[in-house]
There are 2 protein chains.
Amino acid sequence: MIDTAGLRVMRAIADEGSFTAAAHKLGFSQPAISQMVRRLEERAGTVLVERIGRTVRLTEAGEVLARHASPVLAALDAAEQEVAAIAGLRSGRVRLMAFPSASATLVPKALSHVKREYPDVSITFTEAEPPESLSALRAGTCDIAVAFTYEGVDLGRGEEDVDGFEVTPLIDDEVRLVVPADHPLARSKSKVADLSTLEDETWIAGCPRCRGHLLQVCREAGFAPHVAFETEDYVAVMGLIAEGLGIALVPDLILRTVQHEDVVALSINPPSLRRIEAVTTPDLSRVPAVKATLDALLLSAAAQPKPVRSRARATTAAR
Amino acid sequence: MIDTAGLRVMRAIADEGSFTAAAHKLGFSQPAISQMVRRLEERAGTVLVERIGRTVRLTEAGEVLARHASPVLAALDAAEQEVAAIAGLRSGRVRLMAFPSASATLVPKALSHVKREYPDVSITFTEAEPPESLSALRAGTCDIAVAFTYEGVDLGRGEEDVDGFEVTPLIDDEVRLVVPADHPLARSKSKVADLSTLEDETWIAGCPRCRGHLLQVCREAGFAPHVAFETEDYVAVMGLIAEGLGIALVPDLILRTVQHEDVVALSINPPSLRRIEAVTTPDLSRVPAVKATLDALLLSAAAQPKPVRSRARATTAAR
DNA sequence: CAAGAGTATAACTGAACGTTATGAATGACC
DNA sequence: GGTCATTCATAACGTTCAGTTATACTCTTG
């Protein structure tokens, strides 16, 4: 029945004391106010303004509207301000989830960049493995999931389906073979290990998904690896390797943070990549704070030694 | 930027969880909601609703709007209710001013009638002589002035100008001559006194305006009256007359409340009327509570012995 | 895989709301 | 007291906005 325009008009008339002045204040022409008041009166079912000679005065009902106008308009303005703050990156919240080894450098760098550029945007960060972070994204409790997929490896589970999501590749992380320093391969000139020659080795597997990758890579090389140890802790993996208890496939990004004197890393043949990517929804990627964080992640990824591939490849048709 | 419709839509989406359900709740079609949200998002500059598969979920900015919606809409609704109450006579205020002798029966009867019909309409009543009540009407501190004019008497003062006002005649009050019971006229058969025969009498004058009326009536009869007393208190006037200290012109309405054993009232020739009328502004007369009070005054006037003339004669052209 | 449910888009329609131009009435100022 | 400026009301008109229906597309579900 009554909308914000009506309130604004009534308040302006109350403040200014005439239709003409109210019109100027609101940037309208005088007849616009005249008609507006007439419409309001029709809707209200009673006179709102007393036209006394060439001046006007509010009636009791008119006073009621004018009196309510300010608080209502103020509350509305507050809401607009909040939204504008979010739109203008002077506010906003981003809930980021990333797998543990991304937390080491990629994510902190991005977070600090956002914090520096937009100090009022608050980012909450939770460590989570990709299946978990993706379902959080689906459930609406997360805005950006930093996940990884092993190129060419289909784990075949719906939980990791990124269909409908927007995927931004960040880093193509080379998967390397780590062997003890006294391993024969450690002395190879080429620093490249042929996977097919590793059938008789004892293997150490990482997280479940990494284990899946190991199995698939080996299957493609023609054998099933003998996995003696499983641990998600890469520090432990290194220790095990150093002690000669096995060898492992370890993404390069991890090797840069978890190092060990007595091990050697080699490239593998055929090469294998772990793709690190930021996953969000098409809608969320247009939320300013989320977009800013995505950009920061890209920037942070570009600062990594390894090259970054193409940008923002949406998996669904553009709207 | 954002109006009540937008708030209503955002709240409905938040409550119902889908565009379709929100549309039903608001009585719109589904595309209407879809477009409304798109418009809102354009204005807000950010995404408000996350379309995730075939369900929707509010973004942070969307939540902000939905959260603000209820208080704002509630305040607005309260304002509408207040106005509707005034329009529906379940509320409202009427500031009535009447000259003292109208307060005796005419006004109380009308007030009690309004009170009975519309118990939530509050009427404030102030005694005031016509010049005063009319200027209050002009100043906006009064809604209805019950005034009187002596027919054919122009007091020639701007203060009593009813130009631009709406005048509702209530009672045509006959002006009578009051003489002591032992006055020769008191024994006249016709009970009609010819003014032109009263040149040698001693007169008692009432209020300033009544005095003006007396002077004019006598001038038209061909003489200037000898006024020995002036008092606004008609009880005193009666006392003076009873004591044989003078005679006076007294409106019939007053004679009905202020009586005295030792006086006699006669009609005069030529006859003179005091017209009692309700004065308000054209706008105020359309305010429900004011209109109801005017009607009650008319009703109350009709209950008086004297006949009431035509109704609601506006002195300005109709708008 | 088909059906059901939900949203997006297109095309259309009508009304609402603004504008300019003009009229009528009031009040102020010579 | 007449004239002039000011103020509100009305008329006519055009544009924009917001709704409708119809239809396409996507996702979930049995």
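Just so it is clear: chains get the letters A, B, ... in the order the sequence lines come, proteins before strands, and each one is counted from 1.
The shortest distance between the side-chain N/O atoms of B:Thr20 and the OP1/OP2 oxygens of C:dA5 is not below 4.0 Å. One finds no side-chain N or O of B:Ser18 lying less than 4.0 angstrom from the OP1 or OP2 phosphate oxygen of C:dG6. Dashed line: the shortest gap from a side-chain N or O of A:Ser34 to OP1 or OP2 of D:dC8 is not under 4.0 Å. Between A:Arg51 and the phosphate of D:dA9, there is a side-chain N or O to OP1/OP2 separation shorter than 4.0 Å.
Side-chain contact between A:Thr126 and A:Leu96 is absent, with no heavy atoms from C-beta onward closer than 4.5 Å.
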Practice problem: Could you go through the side chain to side chain donor-acceptor pair (under 3.5 Å) check for A:Thr20 and A:Gln30 one step at a time? | Solution: CA-CA 5 Å; A:Thr20 303; A:Gln30 171 265 314; 5.5 Å; no
Quiz item: Stepwise, does the side chain to side chain donor-acceptor pair (under 3.5 Å) test hold for A:Glu80 with B:His68?
Solution: CA-CA 10 Å; A:Glu80 281 185 14; B:His68 280 83; over 6 Å; no
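With the nearest nucleotide of DNA chain C identified for both B:Gln30 and A:Ala5, B:Gln30 has the one nearer the 5' end. Toward the 5' end of DNA chain C, the nearer of the two residues A:Thr55 and A:Arg39, judged by each one's closest nucleotide, is A:Arg39.
Here the side chain of B:Pro31 is nearest to one of C:dG18, C:dT9, C:dT7, namely C:dT9.
Put simply, CZ on B:Arg43 is 10 Å from C1' on D:dA18, counting in whole angstrom units. Atom CD1 of A:Ile52 and atom C1' of D:dT6 are 17 Å apart (whole Å). With rounding to whole Å, B:Arg138 atom CZ is found 13 Å from C:dT26 atom C1'. As a whole-Å value, the separation of B:Asp283 CG from D:dA9 P is 9 Å. Rounded to an integer number of Å, the gap from A:Gln35 CD to D:dC13 P is 15 Å. Remark: P of C:dA8 and CD of B:Glu42 are 13 Å apart, rounded to the nearest angstrom. Note: CZ (A:Phe28) to P (C:dC17) measures 10 Å, nearest angstrom. Rounded to an integer number of Å, the gap from CG of A:Asp3 to P of C:dC17 is 7 Å.
Comment: B:Glu41 engages B:Arg51 in a salt bridge, judged by a side-chain N to carboxylate O separation of less than 4.0 angstrom.
Ring-plane geometry between A:His213 and A:Tyr150 is classed as parallel, the angle between the planes falling under 30 degrees on a 0 to 90 degree scale with a further cut at 60.
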